[in-house]
2 protein chains.
Amino acid sequence: MTKAEDDVASLRHKPLTARELARLLGVSQSAVSRAFTPGSSITPELRQRILKAAAELNYHPNAIASMLSKRRSNIAGIVVSEMQNPFYPTLIEKLSRGLQRVRLQSLMFNITRGSNVEEQLVALRQYNVDAVIIISATVLSGASVRWATEGRAAVLVNRTIPDLSVTSVSCDNVEGARAIADHFHALGRHRVSYVAGLAHTSTNLERQNAFVTRVAELGMRLVHCIAGGEYSYDAGYRAGLDIARGKDTDAVFFANDILAAGGFDALTEIAKLRVPEDIAIAGFDDVALTRWPHYSLTTFRQPVDAIVDKTVDLIMQQLSDATLPSSHNALSGELIIRHSTVGKQPLEIIGENKPSPLTNSL
Amino acid sequence: MTKAEDDVASLRHKPLTARELARLLGVSQSAVSRAFTPGSSITPELRQRILKAAAELNYHPNAIASMLSKRRSNIAGIVVSEMQNPFYPTLIEKLSRGLQRVRLQSLMFNITRGSNVEEQLVALRQYNVDAVIIISATVLSGASVRWATEGRAAVLVNRTIPDLSVTSVSCDNVEGARAIADHFHALGRHRVSYVAGLAHTSTNLERQNAFVTRVAELGMRLVHCIAGGEYSYDAGYRAGLDIARGKDTDAVFFANDILAAGGFDALTEIAKLRVPEDIAIAGFDDVALTRWPHYSLTTFRQPVDAIVDKTVDLIMQQLSDATLPSSHNALSGELIIRHSTVGKQPLEIIGENKPSPLTNSL
DNA sequence: GTAAGCTTTGCATCCGGATGCAAGCGCTGT
DNA sequence: ACAGCGCTTGCATCCGGATGCAAAGCTTAC
């Protein structure tokens with residue numbers, strides 16, 4: 001044991017420390033520290049000399065030590081649970097890039113069925129992350145969220161918890177669902193259905209309520225309101241079969257794009273319905289596959305960039321002012337009309353502006 | 001500034017430290033430390049007393065401090081670049097769970113066009129990660145990889161770099177490509193094509209070379225070898241159109257499933273070819289969409305779980321023995337035959353065993 | 001009863017940087 | 001020339017746990 005450890009230690013030639021570098025240059029360790037701290041009290045000449053030597057000797061300040069003394073980890077913990085939905089990898093990638101812009105690294109905490117949530121949250125606290133970003137319409141209880149976020153900057157993305165004073169950022173689901181309903185109405189559809197995702201999630205509830213309400217306002221009939229049970233292709237497929245059996249729906253709104261893709265295939269390939277002539281289909285999110293020619297799915301685009309920017313912005317604000325009150329931010333999205341509701345002809349007329357249906361898709 | 005900082009500090013009620021807890025219990029800080037260190041010299045009674053108090057007072061050892069003194073971060077840095085391909089989110093999720101099992105947290109480093117690679121790698125080193133796992137068929141130069149992995153446990157997943165002595169784990173691409181060629185041959189196809197992904201990646205090169213070689217061995221004709229240029233639906237779609245124009249191919253192997261999906265749609269919906277009657281299609285990876293009824297894509301399944309296990313295993317070995325020589329591990333996958341090569345009838349006969357085509361897909 | 005041998009505990013110090021404070025230095029103005 | 005002021009620099013200490021070493025406590029054996 002001790003032997004092995006020694007071997008390891010000797011082989012991993014330990015990196016240069018600030019003290020060592022300082023000694024070599026005949027300056028103090030503080031000087032080295034200051035050279036790497038923007039805005040600290042040091043002459044440009046000394047700083048240059050130190051930085052130059054550091055570059056030559058391949059010295060990099062030890063982030064761990066720095067964290068310890070600054071009591072600041074420069075790490076944002078991202079709690080994720082649904083990497084299966086392609087919307088999330090995209091979001092996370094952009095988010096992690098956004099965080100990097102403000103010098104925050106992303107420590108990922110995957111919470112999935114199968115992983116120990118408790119343990120993950122303990123780790124989250126132990127790592128002293130400066131900020132917690134929770135991206136998961138599911139899983140965490142309110143109490144867990146409170147515990148995980150207590151006393152640190154935190155943002156819930158794409159999720160709200162009513163009784164919890166934690167800042168949240170999401171797409172305006174109400175706007176989106178209404179836009180879909182309005183679109184169906186403008187197309188002259190009267191017998192609409194809704195396919196839910198995970199029933200109890202805030203995203204689903206908001207979309208469902210807003211859609212159902214708007215449908216009633218517009219005098220359309222809600223034929224089915226199907227509980228998909230999850231945000232998956234399979235659930236959408238099954239729901240599509242149900243709807244086809246009902247034979248009465250002329251427009252369906254699926255709670256997200258993956259559901260819609262499944263529904264699309266079931267409705268066209270099994271039920272042999274024509275889209276959009278027999279039935280119009282709309283999804284939500286605007287993931288890559290909505291642009292695939294096979295689907296060309298009308299959807300409500302989540303303002304991903306805006307969501308990321310707002311999230312990063314709120315984190316930064318909270319970091320500089322711990323008293324910042326929590327807020328719920330619903331960001332405006334955009335209805336993207338494609339073939340699945342208007343067919344190929346009208347699309348050109350309406351002026352769908354993508355130069356090619358292929359541009360920009362996965 | 002100082003004012004604000006003070007406010008922050010006061011509001012974030014700082015967590016209990018080991019010294020504080022020790023003082024409350026009338027024991028030494030070392031005792032607390034030992035209570036939390038398995039196998040250390042402490043009586044069970046004392047340990048219990050400390051752990052009990054710790055639980056009550058909500059004390060958790062500060063991981064940062066622990067890292068500093070142990071010179072061990074318990075963090076694995078995962079360098080990723082292609083979150084767009086659904087194969088990777090799945091892999092990463094499983095990998096991060098596998099790492100958690102051995103007490104390693106995953107710090108993600110997203111390397112994308114647009115992000116500063118250099119900076120990311122510096123961060124990787126600064127955080128003193130114990131292990132580096134590079135999952136990205138692309139982007140990093142050999143020199144960068146060497147620099148990032150130097151002196152620490154490291155594994156390249158799904159990628160090899162010939163002249164570099166860094167351990168790698170990947171699917172056996174040669175086996176997979178040969179299996180596809182053999183399958184085409186067994187189906188009686190004679191005029192095959194290959195659609196490449198990112199040309200210079202090891203995954204692509206291995207698949208391409210093995211396929212081309214095997215095709216020649218079997219006496220089949222290689223009609224086209226198309227440079228997709230990237231692993232995307234669009235590239236596959238364009239390649240599909242090219243192949244259809246050539247009119248001579250009766251079986252295509254796409255370098256991965258996403259390419260295959262694009263090719264499938266182009267061949268069936270634009271070129272109006274029947275799959276598999278006119279043309280058989282195979283992909284690689286076995287991502288969720290291959291199971292979607294619309295595609296039902298024959299593919300070579302990457303042994304994701306085995307890849308994850310092997311990777312974690314190799315990391316652990318390297319951590320306990322720094323002298324472990326590097327190795328290249330190609331893990332055996334599995335040919336998954338679906339409708340896109342054998343059609344609906346034979347599938348039942350061949351005995352595709354999924355209880356329902358929907359099971360297990362996204 | 002006491003010395004040897006082992007275990008448990010505490011003390012002191014270290015990990016590598018950050019930072020408050022005071023000493024050092026250079027410049028200005030009289 | 002010297003007091004006064006401001007900027008640089010270094011010293012000492014801290015961040016929160018880990019750990020080698022020695023002291024203390026307990027067993028066992030003579």
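None of the values given here were measured: they were computed from a predicted structure. Just so it is clear: chains get the letters A, B, ... in the order the sequence lines come, proteins before strands, and each one is counted from 1.
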Legend entry - Members of residues 31-58 of chain B that approach DNA chain D, where some heavy atom sits under 4.0 Å away: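 Those residues are B:Ser33, B:Arg34.
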Inset, instruction - Could you tell me whether A:Glu45 and A:Arg49 make a salt bridge, using a distance below 4.0 angstrom between a side-chain N and a carboxylate O? - result: no
Inset, instruction - Report the residue (B:Val27 or A:Ala65) whose heavy-atom-nearest nucleotide on DNA chain C is the more 5′ of the two. - result: B:Val27
Legend entry - Residue whose closest nucleotide on DNA chain D lies nearer the 5' end, A:Gln29 versus B:Leu16: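 Its nucleotide being nearer the 5' end, the pick is A:Gln29.
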Atom-pair distance ([atom1] on [X]; [atom2] on [N]), nearest Å:
| X | N | atom1 | atom2 | value |
| --- | --- | --- | --- | --- |
| A:Gln126 | D:dG17 | CD | C1' | 12 Å |
| A:Arg19 | D:dT13 | CZ | P | 13 Å |
| A:Asn74 | C:dG17 | CG | P | 15 Å |
| B:Arg71 | C:dT13 | CZ | P | 18 Å |
| A:Ile64 | D:dA18 | CD1 | P | 14 Å |
| A:Leu68 | D:dA18 | CG | C1' | 12 Å |
| B:Met67 | C:dC14 | CE | C1' | 18 Å |
| A:Asn128 | D:dG17 | CG | C1' | 13 Å |

Legend entry - Short side-chain donor-acceptor distance under 3.5 Å, A:Gln317 and A:Asp321: no
[X] side chain N/O closer than 4.0 Å to the phosphate oxygens (OP1, OP2) of [N]?
| X | N | answer |
| --- | --- | --- |
| B:Ser28 | C:dC11 | no |
| B:Ser69 | C:dC15 | no |
| B:Tyr127 | C:dG16 | no |
| A:Tyr59 | C:dG17 | yes |

Inset, instruction - Please check if the side chain of B:Arg47 supplies one atom and the backbone of B:Ala35 the other of a donor-acceptor pair under 3.5 Å. - result: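 It does hold such a pair.
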Legend entry - Side chain A:Gln318, main chain A:Leu324, donor-acceptor under 3.5 Å: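 Here the side-chain-to-backbone pair does not exist.
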Legend entry - Check: A:Ser30 side chain, D:dC11 base, donor-acceptor under 3.5 Å: yes
Inset, instruction - Hey, could you give me the CG/CD1 distance between A:Leu91 and A:Ile307, rounded to the nearest 0.5 Å? - result: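 CD1 of A:Ile307 is found 6.5 Å from CG of A:Leu91.
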Legend entry - Gap separating the OG1 atom of A:Thr311 from the CD1 atom of A:Ile135, nearest 0.5 angstrom: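 Rounded to the nearest 0.5 Å, the OG1-CD1 separation comes out at 7.5 Å.
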Legend entry - With A:Thr149 via side chain to side chain contact (heavy atoms under 4.5 Å, CB included) - residues at least two apart: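 Residues passing side chain to side chain contact (heavy atoms under 4.5 Å, CB included) with A:Thr149: A:Val132, A:Ile134, A:Val145, A:Ala154, A:Val166.
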